[in-house]
Asks: 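Please find one structure pasted underneath; my questions will follow.
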Amino acid sequence: MIGSVQRALRLLEAVNSHADGAPAKQLAREAGLPLPTAYHLLRTLTHEGYLRRERGVFVLGEAAVRLAGGGALQNRRSKIEDSLAHWRDAIGVPVYFAVYREGEIELVAVADTPYAPAVDEWADFRETGHAHALGQCLLSQLDEQARKDHLRRHPVQTITPHTVRDRRTLLERLGAMGRMQPVVERQEYALGTVCAAIPITAGSTAAAMAISLPLHQEDRLLPAVEQLRSGIGSLLSSFAFSISI
């Protein structure tokens, strides 16, 4: 074991136990360290951004906050992936989860299997939101100004022969969508594939889940997405599906 690392971690734990910070002497006592050793480690941790000194006391710095936040972020992502895997296995289709954050479409997680593979992202999902069910579902949840701003930055373009042809047609389609109705897309993003997405709205965040199937299994699409939609309530009531990530 590396003693200096152990001692530094004990100091971080001591600082973390005081919401308003604590002075060096108190931290040294709580960590069981000689005061000179504690001073040396506190200076080092402060220099590296893990601690911050304010009005004579030490508090956690930005580096420590990022470290803790990163662990929580990874935990939430793992929970979401587990939830998607559950629905993948229950329905027998690939399941996708995406959010609209800071003006962009973000594909957060995908659950598939070798026997039910996800659609290859052959064209950037962020730039082709007009062509796939997830993107259309997310754009339909935005207000008119945000929707137009997105399409200004990511113009409508032909992805396949079935892709919506122009901005006006797309805006008309988005405006006509029911608030909580599934969005169905047939070969607009990838030939030989059909997709359906359902909106998930919590607070001001737009999110969506989607499934995809080969074209020859299109008759399964609506029953499968309806099965997914019927289970959304239990997902939203679970902390495992927080969309604040």
Side-chain angles (χ1 to χ4, degrees), residues 1-87 95-111 121 124-126 138 141-143 146 149-150 153 200-209 232-245:
M1 298 297 177
I2 301 176
S4 59
V5 174
Q6 292 176 311
R7 291 188 287 271
L9 290 173
R10 288 205 299 271
L11 277 174
L12 284 173
E13 290 172 351
V15 173
N16 189 52
S17 67
H18 298 280
D20 298 321
K25 288 183 179 180
Q26 182 178 354
L27 294 171
R29 183 171 63 253
E30 293 177 0
L33 299 175
L35 187 56
T37 300
Y39 271 129
H40 175 71
L41 291 172
L42 289 169
R43 284 196 298 270
T44 301
L45 290 168
T46 299
H47 180 268
E48 296 298 326
Y50 289 94
L51 294 179
R52 195 173 69 253
R53 191 170 186 179
E54 295 181 349
R55 298 183 299 276
V57 300
F58 290 90
V59 297
L60 291 179
E62 291 184 5
V65 173
R66 286 197 303 270
L67 189 63
L73 172 62
Q74 184 57 47
N75 184 57
R76 288 197 295 272
R77 286 186 182 273
S78 296
K79 296 293 186 181
I80 287 176
E81 289 168 358
D82 290 344
S83 295
L84 294 188
H86 165 77
W87 289 104
V95 184
Y96 311 75
F97 177 61
V99 298
Y100 194 83
R101 186 180 3 245
E102 297 180 356
E104 299 294 345
I105 293 168
E106 180 180 338
L107 182 63
V108 177
V110 179
E121 189 178 347
D124 193 325
F125 269 23
R126 293 170 301 178
L138 291 171
Q141 297 177 61
L142 304 180
D143 60 38
D149 174 70
H150 181 91
R153 291 180 289 107
I200 302 173
T201 304
S204 60
T205 303
M209 291 180 67
I232 288 299
S234 61
L235 285 175
L236 291 180
S237 64
S238 169
F239 73 93
F241 221 76
S242 167
I243 63 176
S244 63
I245 66 172

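Keep in mind that this is a model prediction, so the values were computed, not measured.
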Asks: Give me the atom names and distance for the closest heavy-atom approach of Leu11 to Ala38.
Replies: CD1-O, 3.9 Å
Asks: Taking all non-hydrogen atoms of both residues, which atom of Phe58 and which atom of Val15 are closest, and how far apart?
Replies: O-CG1, 3.6 Å
Asks: Could you give the distance from CD (Glu121) to CG (Leu107), rounded to the nearest 0.5 Å?
Replies: 6.5 Å
Asks: How would you list, by chain and number, every residue that makes a side chain to side chain donor-acceptor pair (under 3.5 Å) with Arg126, sequence neighbours excluded?
Replies: Asp124
Asks: Taking atom CD of Glu104 and atom CG of Leu138, what is their separation to the nearest 0.5 Å?
Replies: 11.5 Å
Asks: Determine, stepwise, if the pair Ile200 / Thr205 fulfils side chain to side chain contact (heavy atoms under 4.5 Å, CB included).
Replies: CA-CA 9 Å; Ile200 302 173; Thr205 303; over 6 Å; no
Asks: Which heavy-atom pair separates Arg52 from Leu60 by the least distance, and what is that distance?
Replies: NH1-O, 3.2 Å
Asks: Measure the CH2-CZ distance between Trp87 and Phe97 for me, rounded to the nearest 0.5 Å.
Replies: 14.5 Å
Asks: Grab the two heavy atoms, one from Gln141 and one from Ala207, that are nearest each other, plus how far apart they are.
Replies: NE2-O, 2.9 Å
Asks: Within this structure, what is the NE2-CG distance for the pair His86 and Asp82, rounded to the nearest 0.5 Å?
Replies: 11.0 Å
Asks: To the nearest 0.5 Å, what is the distance between CD1 on Ile105 and NE2 on His150?
Replies: 4.0 Å
Asks: Evaluate side chain to side chain contact (heavy atoms under 4.5 Å, CB included) for Arg53 paired with Leu42, printing each intermediate quantity in order.
Replies: CA-CA 9 Å; Arg53 191 170 186 179; Leu42 289 169; over 6 Å; no
Asks: Can you see which heavy atom on Leu41 is nearest to which on Ala8, and at what distance?
Replies: CD1-N, 3.9 Å
Asks: Throw together a table of side-chain donor-acceptor distances under 3.5 angstrom for residues 20-36, partners on residues two or more places apart or in other chains.
Replies:
{"from": "Gln26", "atom 1": "NE2", "to": "Glu30", "atom 2": "OE2", "distance (Å)": "3.0"}
{"from": "Glu30", "atom 1": "OE1", "to": "His18", "atom 2": "NE2", "distance (Å)": "2.9"}
{"from": "Glu30", "atom 1": "OE2", "to": "His18", "atom 2": "NE2", "distance (Å)": "3.0"}

Asks: To the nearest 0.5 Å, tell me how far Arg7 CZ sits from Arg10 CZ.
Replies: 7.0 Å
